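Everything below concerns the one structure shown next.
Values in this document were obtained by computation on a predicted structure and should not be read as measured data.
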Amino acid sequence: MTEIPKAYEPKTVEDKWYQQWTESGCFTADPARVSASRPAYSIVIPPPNVTGVLTLGHVLNNTIQDILARKARMDGKEVLWLPGTDHAGIATQTVVERTLKKAGEIRHRDDLGREKFLEKVWQWKTEKGGIIIQQLKKIGASCDWDRERFTMDPAYSHCVQRVFVDLYKKGLIYRGKRMVNWCPVSLTALSDEEVVMKEQKGFMYHFRVEVAELPGTFLTIATTRPETIPADTAVAVNPKDPRYQHLVGKHVLRALPVELPREARLIPIIADEHVDFEFGTGVLKVTPAHDKADFEIGLRHGLPVMDILTPDGRMTAEAGPDLAGLDRFAARKKSAEILEAHGALEKAEPYVNNVGFSERADVPIEPRLSEQWFLKYPSTDEARTVVGSGRMRFFPERWAKVYDNWMGGLQDWCISRQLWWGHRVPIWRLTSDRPEFAAVESSLSQGQFGAHGDFSWSGQAGQTTRIQRKVHPTDGPFLEAATDSAAEAARLESAGFVQDADVLDTWFSSWLWPFATMGWTGNPEEDRQNPWLKAFYPTTDLVTGPDIIFFWVARMIMAGYEYMGAEPFRNVYFTGIIRDKQGRKMSKSLGNSPDPLDLISTYGADALRFGVMRSAPLGQDILFDEQAVELGRNFCNKLWNACRFRQMQNLGPDTVEAEIDPALLSSDDRWILIRLDQAIREVTDALAGYNFSEATSVLYRFFWSEYCDWFIEASKAALVRPEDVATAAPEVLRLAQNKVAVIDFILSNTLRLFHPFLPFITEELWHGLGYQNDLPEDRGALTIMRATWPKPFSDEEREYFGLDETADRVATTKYALVTLGRTLKVQVNVPSNKRVPFIFRPSGTLPAAELEVLRLLLNAESLTVAGPEWAAAKGTPTACNELGEIFLPATGLVDAVAERTRLNKEIEKARVEIKKVEDKLGNPSFVQKVPPAVLAEHQNRLAEWQAKLRQLETSVAELPA
RNA sequence: GCGAGGUUAGCUCAGUGGUAGAGCACUUGCUUCACACGCAAGGGGUCGCAGGUUCGAAACCUGCACCUCGCACCA
């Protein structure tokens, strides 16, 4: 660190060290190094979308992981932080399709066909995907990049297939025609978790239908979706509703389409408990094809299901000529108009209701009957218990309740998606309409069918297929084969089997992330010998956002038990959600989401990390303000300059290694060592409890307010300027050297405490100050990342350095007196840079060195010590505390009026405080019941305020009139 | 409707029964030989409201108000 610039310049430092770290393998994990003395620590990254770019959310999340990983390294652990990305089915497919369309290459992905399109996706992934991985490096993420994984890696894909086939064989995965959440834009089914409810302004339409058996009798029905009337197959009332009981069993004439003959419009009036007779008119139109609850009613009453919507949300011909072809929303308006035209519409009132939206496409989902794959969650009991019992800990704890709540109401998971990009369902079918069907069916021996047997069709060892003969409710018999073997799949296809067209939900692959990334095979013997799984599973911590607690966290826990027989992680830390200054979520459309890379180039990566961590308290959302990053930059600069100051102390060679001589320590030295000890304890505790913002504020307080503001300033009294070194007396030099030894001790500890938060600047300064010298290669010589984490002093050390109450108090009262003295200067209008003489009358005796510190901190021209007999001239501004009295013999500079005002205000305050304490002490039950320490403390406080009051009264009395 | 979290200085937030705190912002004075990305000194709060427990409550209990977020949902 020669020619240190005045201000810290992050850019070169960051690039230099990141490269050096990766080149020297600092981030690389090796299971072979794990031992009792070097325990394993592991985290798997929440894989960002391969299409993603770095957001502040990622910065928050990954900075926390990096802090944990770096701290673990300093604790001497073997650390694996495993990075990677997920393939993000819908998002990636959409991005690529859009790109190709824009380039004019295609109009629709069908133009290319599945295989060609997937080639394009892979090409895109190779060229453009994973930008975010490069961006993570910019924030200093210390991931083991050698182990980067992608959910579509061949080995990973095989894990997904294997798990699917296994769960299928266990009967937990089944295919069925159910009501699912259908996204008319993405044209795929979604899981319940991918649907968000949003309030929508619309209308409640009241329309009437005639009771067929009682001409002239009408029922009024309230609905928000009149366009689904053509799909109504019943009208339902509550069986207990006296208004309508007599009508049950009769029929109404469906209002739409109007063209149909009377008999085609007859639908029954049924009685069902589901109907709330307080709501609307108490009459419910039942549309089994387009509403989940109605579908259930339909099942209970054996109603037909009539589907009048196309997959992309348009009306079919069955909706009638007026509606056919219309988009569902246009059709809503149109159907209301038709009802009105026929005099059936009674009213349309503005109405707000909750509508399910596709989270990704941001359009209302359509409940739709379709054939999908579902999963009954495995290992739910273990997964629920491990959190409920507190064996796996959630931070903040309250998320455990949210988790438990969800685990208590699990619905089967719709895992199939009508996409091309993803893990294709490993199921092959041979339907009876295929020419091969009969031959294959008869060629397979009886024993080769069934729900329990697997056989090898390819003839390759260990490669098996399970084939079952099933009957589809509408399409008749077929053969269904399940295998995770490529060889078996090839054999199946050559026999005429066709693979299921659907792919799996992306989360169906990410729930395997903690072990599939470590080379899991599903073969117990092989997995037992897998050094990665052995060393690093279960992982230690998971850091993620609470928004994916169900999507990901809960499912990983279940998969962990099902396939590893153990939980995937010990602790889960849920970050807050980053919002803007006004508390709004970050979003592209609001444009309120700053680009972290811009922030890094403006302020530096360490500054960004520090700013984000400082404003991220446990369990709270984070209102992001760029000022926080600015604060981080300022802090880095402060750290830089404090170290630069040390660098300027040239007292000869090798002073770094100088031992601290306890005999030469001043109260300032002891005080800062005590403060350091305190900071070490507090930061260590804060990190152990995942209180990252707490840790940063402790560091900030210690370094800025204690070390820089007081200790460095005080140390200047003992230090010797380079030009004076040659002429300094030996004992002066010895004191200066001891001071530098203390500084080095503090800085070397401070840099280590800061390293997890500020990796770049601390590494630079660590080497710049030479603190790596003489450390073992793996414990700080190569990188501060593996220097030992600071430890609080032992009792022996405290005694050795003399770190006791007295030393602490002398320094504290000295600094307090300095503040009082500086205030005096302000009162008499002496600019802070102007040096004036002070007089000091100590209560006890103080060594000369202490007096010099006092003088220096007061920026006094001189500090004359006065004896008890000395009396100040009348009206001399003065202040006092336990250490003594200081006088500022200012010559007529005092503004008597202003001073009197100030003093009177102070006196008033002192009286209020005295009254408060006196009242307490005057209360008999207080004196009786309060602990002795508190009583003593109150008595002390009273005495202090009284002394203060006396001094103030003297001062005010001595003011010139 | 059920559940969780919140309400402390202008702003963002600490503060688990004993003298109300920090950072930013604000005022004033300073290019004091590490740092103006800085130094120094200040101003600013009936701790959401109402009860209760206690010698003592911002903190514990009860109720209420308002805000945020989950989950469920009535067409």
Between [X] and [N], does any side-chain N or O lie under 4.0 Å from OP1 or OP2?
X	N	result
A:Asn353	B:A75	yes
A:Lys920	B:U19	no
A:Tyr351	B:A75	yes
A:Arg701	B:A22	no
A:Lys401	B:C2	no

Would you classify [X] as touching base, sugar-phosphate or nothing, given that sugar-phosphate means primed atoms plus P, OP1 and OP2, and contacts are heavy atoms under 4.0 Å?
X	value
A:Lys834	nothing
A:Ile221	nothing
A:Met204	nothing

Which label fits A:Phe395 and A:Tyr690: parallel for a plane angle under 30°, tilted from 30 to 60°, or perpendicular past 60°?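 Ring orientation of A:Phe395 relative to A:Tyr690: tilted.
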
Angle class for the A:Phe550/A:Trp406 ring planes (parallel below 30°, perpendicular above 60°, tilted otherwise)?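 Ring orientation of A:Phe550 relative to A:Trp406: parallel.
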
For A:Lys834 and A:Glu861, what are the C-alpha separation, side-chain angles and deciding distance, and is it a salt bridge (charged side-chain N to carboxylate O under 4.0 Å, His left out)? CA-CA 9 Å; A:Lys834 177 121 195 277; A:Glu861 185 184 58; over 6 Å; no

Minimum heavy-atom distance A:Gly298-A:Pro288, with the two atoms named: CA-CG, 4.4 Å

[options]: which one has an atom nearest the side-chain heavy atoms of [X]?
X	options	result
A:Val275	B:C33, B:C35, B:A75	B:A75
A:Val402	B:A25, B:C33, B:G70	B:G70
A:His274	B:A75, B:G5, B:A22	B:A75

Between [N] and [M], how many Å separate the two [atom1] atoms, rounded to a whole number?
N	M	atom1	result
B:U46	B:A40	C1'	32 Å
B:A58	B:U19	P	11 Å
B:A9	B:G21	P	14 Å
B:C61	B:A4	P	13 Å
B:C66	B:C26	P	35 Å
B:G5	B:C60	P	12 Å
B:G48	B:A20	P	15 Å
B:C39	B:C24	P	9 Å

[atom1]/[X] to [atom2]/[Y] distance, rounded to the nearest 0.5 angstrom?
X	Y	atom1	atom2	answer
A:Ile761	A:Asp606	CD1	CG	6.5 Å
A:Tyr8	A:Asn637	OH	CG	10.5 Å
A:Arg835	A:Lys825	CZ	NZ	8.5 Å
A:Ser705	A:Arg675	OG	CZ	11.5 Å
A:Leu817	A:Thr812	CG	OG1	12.5 Å
A:Asp232	A:Thr228	CG	OG1	5.5 Å

Using both distances under 3.5 Å as the test, list the Watson-Crick or G-U wobble partner of [N], or none.
N	value
B:U32	none
B:A9	none
B:C49	B:G63
B:U19	none
B:U54	none
B:G42	B:C26
B:A4	B:U68

Nucleotide [N], atom [atom2] - distance to [atom1] of [X] in whole Å:
X	N	atom1	atom2	result
A:Met613	B:C13	CE	P	15 Å
A:Leu631	B:A14	CG	P	16 Å
A:Ile712	B:U32	CD1	C1'	15 Å
A:Glu694	B:G23	CD	C1'	14 Å
A:Arg855	B:U32	CZ	P	17 Å
A:Asp404	B:C2	CG	P	19 Å
A:Phe926	B:A57	CZ	P	12 Å
A:Leu623	B:U68	CG	P	13 Å

Does A:Asn405 make a side-chain donor-acceptor contact with the base of B:C71, cut-off 3.5 Å? no

Is A:Arg644 side chain donor-acceptor paired with the B:C35 base, going by distance under 3.5 Å alone?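 Check fails, no donor-acceptor contact within cut-off.
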
Return whichever of A:Val283 or A:Ser615 has its heavy-atom-nearest nucleotide of RNA chain B closer to the 5' end.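 Comparing both residues, the 5'-ward one is A:Ser615.
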
Assuming nearest nucleotide by heavy-atom distance, tell me which of A:Asp625 and A:Arg835 is located more 5' along RNA chain B. A:Asp625

Using distance alone, with no hydrogens and no angle criterion, decide if A:Glu346 and A:Thr220 have a side-chain donor and acceptor under 3.5 Å apart.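 A:Thr220 and A:Glu346 do have a side-chain donor-acceptor pair below 3.5 Å.
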
Any chance the side chains of A:Gln928 and A:Ser925 put a donor and an acceptor closer than 3.5 Å? no

Whether A:Lys716 engages the ring of A:Phe645 as a cation-pi pair (distance to the six-membered ring centre under 6.0 angstrom, angle to the ring normal within 45°) should be assessed.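 Here A:Lys716 passes the 6.0 Å and 45° test against A:Phe645.
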
Checking A:Arg243 against A:Phe277: charged group under 6.0 Å from the ring centre and within 45 degrees of the axis?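 No, A:Arg243 does not lie over the aromatic ring of A:Phe277.
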
Any residue in residues 223-240 of chain A with a heavy atom nearer than 4.0 angstrom to RNA chain B? Just list them by number, or reply none.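 RNA chain B contact set from residues 223-240 of chain A: A:Thr223, A:Thr224.
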
Can you list, by residue number, the residues of residues 929-942 of chain A that have a non-hydrogen atom closer than 4.0 angstrom to RNA chain B?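 Residues of residues 929-942 of chain A under 4.0 Å from RNA chain B: A:Lys929, A:Val930, A:Pro931, A:Val934, A:Glu937, A:Arg941.
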
Generate the contact string for nucleotides 36-43 of chain B. Rules: B means base contact, S means sugar-phosphate contact only, - means no protein heavy atom under 4.0 Å. SBSSSSS-

Is the A:Phe635-A:Phe754 ring centre distance short of 6.0 angstrom?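 Yes, ring centres under 6.0 Å apart.
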
My understanding is that only one of A:Glu944, A:Glu913, A:Lys909, A:Arg911 makes a side chain to side chain contact (heavy atoms under 4.5 Å, CB included) with A:Leu949; could you say which? A:Arg911

